[in-house]
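Before any comments, here is the structure.
All of these numbers come straight from a predicted model, not from anything done at the bench. In what follows, chains are A, B, ... by sequence order, proteins preceding strands, each numbered from 1.
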Amino acid sequence: MNIFIARLSYDTSSEDLQHVFEGYGEVSSSKVIMDYETGRSKGYGFVEMDNDEAALDAIHDLNETELDGRTIVVKKARPRSSRPSNSYNTSNSYNSW
DNA sequence: CATGAGCGG
């Protein structure tokens, strides 16, 4: 389950999300989006968990909570847009859970 | 260089 975390502190890194979400369940991978140009954090990140129940539990528990002194917003992440490649745009059905 | 609504390569 992909989890979207927004309104993170600019100082928050992937390790922080990993550390926080690990407390609820197995964290497959965590990543904080940073600006490719400047390298500064964009303020949001993603966390993937193998256990959907743990993910939902983490979302409900970590949503609108305080992290690094800032209130974070945890929501279910949307499927990434298909990376622009030579392949035609395969319409990916939205994962309605 | 600092920045605050929002979904990454």
The test is side chain to side chain contact (heavy atoms under 4.5 Å, CB included); show your working for A:R70 and A:R7 and say whether it passes.
CA-CA 7 Å; A:R70 305 291 184 250; A:R7 293 195 61 176; over 6 Å; no
side-chain hydrogen bond (donor to acceptor under 3.5 Å, both in side chains): pairs with one or both residues in residues 49-64 of chain A, sequence neighbours excluded
A:Y24-A:D61
Quickly work out the A:R78 CZ to B:dG9 C1' distance and round it to whole Å.
19 Å
Could you state the CG-P distance from A:D11 to B:dG4, rounded to the nearest angstrom?
16 Å
What parts of residues 58-75 of chain A reach DNA chain B, counting only heavy atoms under 4.0 Å away?
A:V73, A:K75
Enter syn or anti for the glycosidic conformation of B:dG4, syn applying to angles within 90° of 0.
anti
Run the side-chain donor-acceptor check on residues 10-22 of chain A: report pairs under 3.5 Å with partners two or more places apart or on a different chain.
{"from": "A:T12", "atom 1": "OG1", "to": "A:S9", "atom 2": "N", "distance (Å)": "3.4"}
{"from": "A:T12", "atom 1": "OG1", "to": "A:S9", "atom 2": "O", "distance (Å)": "3.2"}
{"from": "A:S13", "atom 1": "OG", "to": "A:D16", "atom 2": "OD2", "distance (Å)": "3.2"}
{"from": "A:S14", "atom 1": "OG", "to": "A:V32", "atom 2": "N", "distance (Å)": "2.8"}
{"from": "A:D16", "atom 1": "OD2", "to": "A:S13", "atom 2": "N", "distance (Å)": "2.8"}
{"from": "A:Q18", "atom 1": "OE1", "to": "A:S30", "atom 2": "OG", "distance (Å)": "2.8"}
{"from": "A:Q18", "atom 1": "NE2", "to": "A:E22", "atom 2": "OE2", "distance (Å)": "2.8"}

ILVMFWY cluster, A:L67 and A:L62 together (side-chain gap under 4.5 Å)
yes
Of A:F46 and A:L8, the one whose nearest nucleotide on DNA chain B sits closer to the 5' end is A:L8
Hey, quick one: are A:L56 and A:I3 part of the same hydrophobic cluster, counting side-chain heavy atoms closer than 4.5 Å, chains of contacts allowed?
yes
Output the rounded distance in Å from CZ (A:R40) to C1' (B:dT3).
10 Å
If you measure from the ring centre of A:F4 to the centre of the six-membered ring in the base of B:dG6, is it under 5.5 Å, with the planes under 30° apart?
no
Go through B:dG8, B:dG4, B:dA2 for me and flag the one nearest to the A:Y10 side chain.
B:dG4
Tracing side-chain links under 4.5 Å among I, L, V, M, F, W and Y, which residues wind up in one group with A:F46?
A:F4, A:I33, A:Y44
Would you kindly compare A:T38 and A:K42 by the position of their nearest DNA chain B nucleotide and give the one closer to the 5′ end?
A:T38
